[in-house]
Amino acid sequence: MIFLKRTLPLIITFITGMIMIVAFFSGEGLPSIKSLESTLPKWIQIIMTFTMVLGAFSLLRINLQKISRKADGWGYSLVLIIGFLSMAFLGLITGSWPMFDKPLTKGEIYYVLCEDNVSARPIRVIDNVKDKEGKIKVEYVDDKGEKLADTESAMIPPDTARTRIMSYANSMQQILFVGVFKNAQSTMFSLLAFFVASASFRAFRIKSKEAGLLMGSAFIVMLGNVSIGSLVSQILAYIPVIGPYLNIADIKEWIMTYPSSAAQSAILIGAMLGYISASMKIIFGVERSHLGGEG
Amino acid sequence: MTTLLITTWVGALITLCCFTFLIKDNPFYRFAEHLFVGVSAGYYLSTISFHQVLKPNLLAKIWPTYFASGTAAEATPEYILIIPGLLGLLMLFRFSSNLSWVSRFTVAFVMGVSTGIAVVTSAEQYLIPQVKKAIVPLIVSGDYFGSFSNLVLVVGTVACLFYFFFSTEHRGPVFGNVAKVGIWYLMISFGAAFGATVMGRISLLIGRFNFLLSDWLHLIK
Amino acid sequence: MSIFRRPPRSFVPILALILCALSMSFLMADQTVKSTVTEHRQGEAALCCSDHGTTAELAAKPAAEAKPWFAKERKTVLIIIVLLLLFVSYFTFHAQRKDLFIRRISGLSALEDAVGRATEMGRGVMYIPGIMDMDDIQTIAGVTIMGHVAKKTAEYDAALYAPMTRSFVMSVAQEVVKQAYLEKGRLDAFRPDRINYLTDDQFGFVAGVGGIMMREKPAACFYLGTFYAESLILAETGNSVGAIQIAGTAEPSQIPFFVAACDYTLIGEELFAASAYLSKNPREVGSLKGQDMLKLVIIAVTIVGTLLVTISETEFGKGLTPLAESFMQYLK
Amino acid sequence: MNIFIKLKNLDRRWVFLFVALSVIIPLLFPFALPVVPTKSVANLHKFIENTEALPEGTRCFLSFDFDPASEPELKPSAVAILVHMFRRNLKPICGANWPVGGEMAEVALVEAANAYMSTYDDMKAQGKLAPGCKPIIERGVDYVNLGYKTGAIIHVKALCNDFMYPYPQDRDGNSTAEMAIFANPDGRRFAMSDVGLIISFTAGTGGIETFISMAGEHKRPMAAGCTSVNIPRFTTYLQSGQLVGMTGGLPGAAEYETLIERPGKGCAGMTPQSIAHLVIMLFIIFGNLAYIAEQRNEAKKKG
């Protein structure tokens, strides 16, 4: 059992790791090994999506437990579960279109997305035979199926048209996706503007020489990025001798390209050495905590 | 049109709820937080994991007639992909407490492939180009400032690398000073990177307020 | 290295067998590919001949050219890896006999105090191993350090919260933490539901973690792994609830925010040194020393290269130009 | 002095309030701050102005390598550059290396084309249009949106030889083979060598760096529009001369808009941006004053 539980996983890691390294160095003379360089990463991607089941299960179990125990704030857990299940369901069926539906029928009314990408408008299929660009002929109608007076018939790709139910599902999904997901996402992202301010207020204090350098370069770069910076440069230009050289934007650019980029290179070089040796430790089985214990 | 209106209103309310995070923990934020977590997890499960990864990369390759469309439906099935499929399924043994060790084979496989790639690609794509970047002529003819700048670059790279030495104490006249210069460089670099990012972050906030003030309230055009 | 030093009895023959089988199958596969290519080319040539009378040139050309088995343009990478392997194995061996020194890394020394403080205050500890999946080496480093932190929380009996953004990382982290609690004999205190999955979305995750932080008010927060824009949101929220914060990442664009908002920051390579530093395992310390040696080589290459390029650009050093060029060739 | 010490322990929510106000007030009551173009933006403008490098009717390739998250930063400069190209009677060909780049390009193209056509008469009267400019510009003749294609480097490599092969149709499904914009006088297939300038609006990976890595094959001048986070990374390419110019973030867009005398989203965003920057810098200064005051107090107590 120890062999199965402990040694075999180590052998698997060693062999796959070695294969990837050999594949990287193999030339065109070894096409089947060379091809593994791109195949195996794709496999990894597939394998990792299977664990989504574990994640979804963890999310559901914890929140269902809270609800059943009526724990503090169980109502929010209910919100989470409703959001999760409805988005998962809507995503599953809208993404499957047109898998679950028949081909479009002539004379029937379907719905296509409007330019705002959220709402849908009704159309009637005039001709369901695809032309050479794979499109079909439709006309725009109102909700009762009457042709709209001021519109002409149009050519659309058939997979953009949906049945009424699918169009409702799509609208619901768009409300959740655009209304909730996208907006919450960009709002959380934009909170950074506030946190950048509070962090710089607290942290940029000249407590030591190092802190002074940190603040100084941050200050110059911030100043160089906005129009006030050029105003300051114009004032500084009045200083005799060195004045004309004190262009904030130029100083900013110099800091970015020389001292700052030198430090960035060094960080990257160090980090990459760390990457390589950490990887080697795993391939050779020195580091094995990710495999857990004997049990 | 109504869908757009609902979306805008839902969006505006969620935006405001998220902003209350700045004040303190409150029911509005908690509501938005839980809804956001739920919706995004649902989106990743169905749309990303299933429709964008599993379906095109696995199902459509093994059973093209059922899952692929167009010309791809006539492709020959790639049965080799059953291997990653099986390895993925092994992960589900985590549900069992006695057999959860079976999933170690998958973990081992994933670790082997990703570390194998990391060893070589990090050297090729980052390490070597960064070393090359630091090698510049110290004398640029006729350009004293350029020569000075190049010197700053080389000294900085070397000094910062010394800072990362682990097997020696950062003390003594040579080592202590060089490591100290390294720290100065790091600080300048951190300050500059911080300052440069501020601008982008504020642009994002402007985007949000633009949404609230123009798309929702129509106060500005 | 370890599996070579203490091979389980059955290990060597099995490994040899598997390697043999693999290489055989690959070679055979390549032979078939080559032969089909040959046939195909010959068919082509025959077709050309019949169409245009003669294409002797094409027919005479060896159909399957001897293609290289080694990608020559990648030789520098090979040199680096072999060098590192040599250094590491030398010092690993060396470390067994003599204790090697590691300099103090203040962020890691503070780790235990932070957990202790959380226990004193009766509050929990939050651990986030980055937001990327297990194929990212920083995540692996983060999960490894998590094992050390879990040992401390098991010892002090502090609650360990670890919300996760990837299911795969969640399942590995649960295993690692369970093992740590087992080693400390506190398996009864292990709570897998506190190592839970939230969502794959970057900002959805941030929203969830922010909420947990505000409600649970952890006394210590650890952010060790790959972080992107969320770094500052996490660190500022942690700061506002009064937590001691220790961060570490190799993502150059995010280090500044951690430096500004956290108490201790592991910069770049320090994150990977953490495992050796905390475990004091001679093999790991030896590999750290090996890394240092390679760094020394890189510094030497930089200095020599700079001098070469500088001299070859001056009037007197023209003769050195070909040497400098061939030197730079290696860094292509 | 006491004020400063109180300030040191200022609740961070006050900081938040000031940041929010510094963005909202200038948005509600807009006023203009002077925008001074920096070298990299001015160089790009000069290059597009230059009739020798880009004679009238030259086709330019614009790659939209971003998604909605970076739209506030990148779209304004894309629109400004497109308007400038229309006024110079250059013909933009838009493509994308990012999946939603095609949509981003569409929005920018529609906005720029409308901006050009609605100001045509004024600009004509002022003599700021190239002689060949038409009052109405047409899709497929004066500009085209090809949309997204996978493959990044491989895709760009394919474009170097022939545009029609990877793009048999444009984004809307119209056949590209008959389009006037792709016609060559000698009947050759349109390829990258016919392009006068390549610009990529890049949010992260897969943007201008793809074109730079293929520079050996296409040998065309290149320029970039990038998000502010990426400015440090791309400055290197400006220095090495691989890029003729660059617009960085919203300020870059504002500068370009100033150069073509058409204030838009970029200029509108610059005022709140500058004010917010100023507020943050003031907070840093106050923080330091508070720190100094505190140090002095402590020294006094000890003395």
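Each chain gets a letter, A, B and so on, in the order its sequence line appears, and its residues count up from 1. Only this structure's heavy atoms are used, side chains among them; waters, hydrogens and symmetry mates stay out.
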Identify which part of B/Phe145 has an atom lying under 4.5 Å from any heavy atom of chain A, answering side chain, backbone, both or neither.
side chain
Hey, what's the ring geometry for B/Phe19 with A/Phe194, parallel, tilted or perpendicular (30° and 60° as the breaks)?
perpendicular
Relative to chain A, which of B/Cys18, B/Ser203, B/Ser46, B/Pro129 shows the most heavy atom pairs under 4.5 Å?
B/Ser46
Any donor-acceptor N/O pair, A/Ser217 side chain to B/Ala192 backbone, under 3.5 Å:
yes
Do you know which of B/Phe95, B/Tyr44, B/Trp9 has the most heavy-atom pairs under 4.5 Å to chain A?
B/Phe95
Side chain, backbone, both or neither: which part of B/Phe164 has a non-hydrogen atom closer than 4.5 Å to chain A?
side chain
What part of B/Val119 lies closer than 4.5 angstrom to a heavy atom of chain A: side chain, backbone, both or neither?
both
For the candidates B/Thr47, B/Val10, B/Leu87, B/Leu22, which exhibits the highest count of non-hydrogen atom pairs separated by less than 4.5 Å from chain A?
B/Leu22
With a 4.5 angstrom heavy-atom cut-off, could you sort out which part of B/Ile14 is near chain A: side chain, backbone, both or neither?
side chain
Side chain, backbone, both or neither of A/Tyr76 within contact of chain B (heavy atoms, under 4.5 Å)
both
Check: B/Thr15 side chain, A/Thr187 main-chain N or O, donor-acceptor pair, under 3.5 Å
no
Report which part of B/Glu33 has an atom under 4.5 Å of a heavy atom belonging to chain A: side chain, backbone, both, or neither.
neither
Side chain, backbone, both or neither: which part of B/Tyr29 has a non-hydrogen atom closer than 4.5 Å to chain A?
side chain
Is it the backbone or the side chain of B/Met199 that comes under 4.5 Å from a heavy atom of chain A, or both, or neither?
side chain
Please find out if less than 6.0 Å separates the ring center of A/Phe204 from that of B/Phe194.
yes
Student check: side-chain heavy atoms of B/Phe190 and A/Leu213 closer than 4.5 Å
no
Counting only non-hydrogen atoms closer than 4.5 Å, does B/Ile183 touch chain A with its backbone (N, CA, C, O), its side chain (CB onward), both, or neither?
side chain
Sort out for me which of A/Ser260, A/Gly274, A/Ser171, A/Gly216 touches chain B most, counting heavy-atom pairs under 4.5 Å.
A/Ser260
Checking B/Pro27 against chain A: side chain, backbone, both or neither under 4.5 Å from a heavy atom?
both
Which bit of B/Val158 is near chain A, if near means a heavy-atom gap under 4.5 Å: side chain, backbone, both or neither?
neither
At a heavy-atom distance under 4.5 Å, which candidate from B/Ile206, B/Ile83, B/Leu13 has the highest pair count against chain A?
B/Ile83
Side chain from CB out, backbone as N, CA, C, O: work out which of these in B/Phe21 comes under 4.5 Å of a heavy atom of chain A, or both, or neither.
side chain
Where the side chain of B/Arg104 meets the backbone of A/Lys5, is there a donor-acceptor pair that is under 3.5 Å apart?
yes
Ranked by heavy-atom pairs below 4.5 Å to chain A, first place among B/Leu89, B/Ile48, B/Thr106 goes to B/Leu89
B/Thr7, B/Leu204, B/Val120: which one forms the most heavy-atom pairs within less than 4.5 Å of chain A?
B/Val120
Measure distances from B/Arg208 to the heavy atoms of chain A and classify the residue's part below 4.5 Å as side chain, backbone, both or neither.
side chain
Give, as side chain, backbone, both or neither, the part of B/Leu186 having an atom under 4.5 angstrom from any heavy atom of chain A.
both
Taking side chain as everything from C-beta outward and backbone as N, CA, C, O, which of these in B/Ala32 sits under 4.5 Å from a heavy atom of chain A? Side chain, backbone, both or neither.
neither
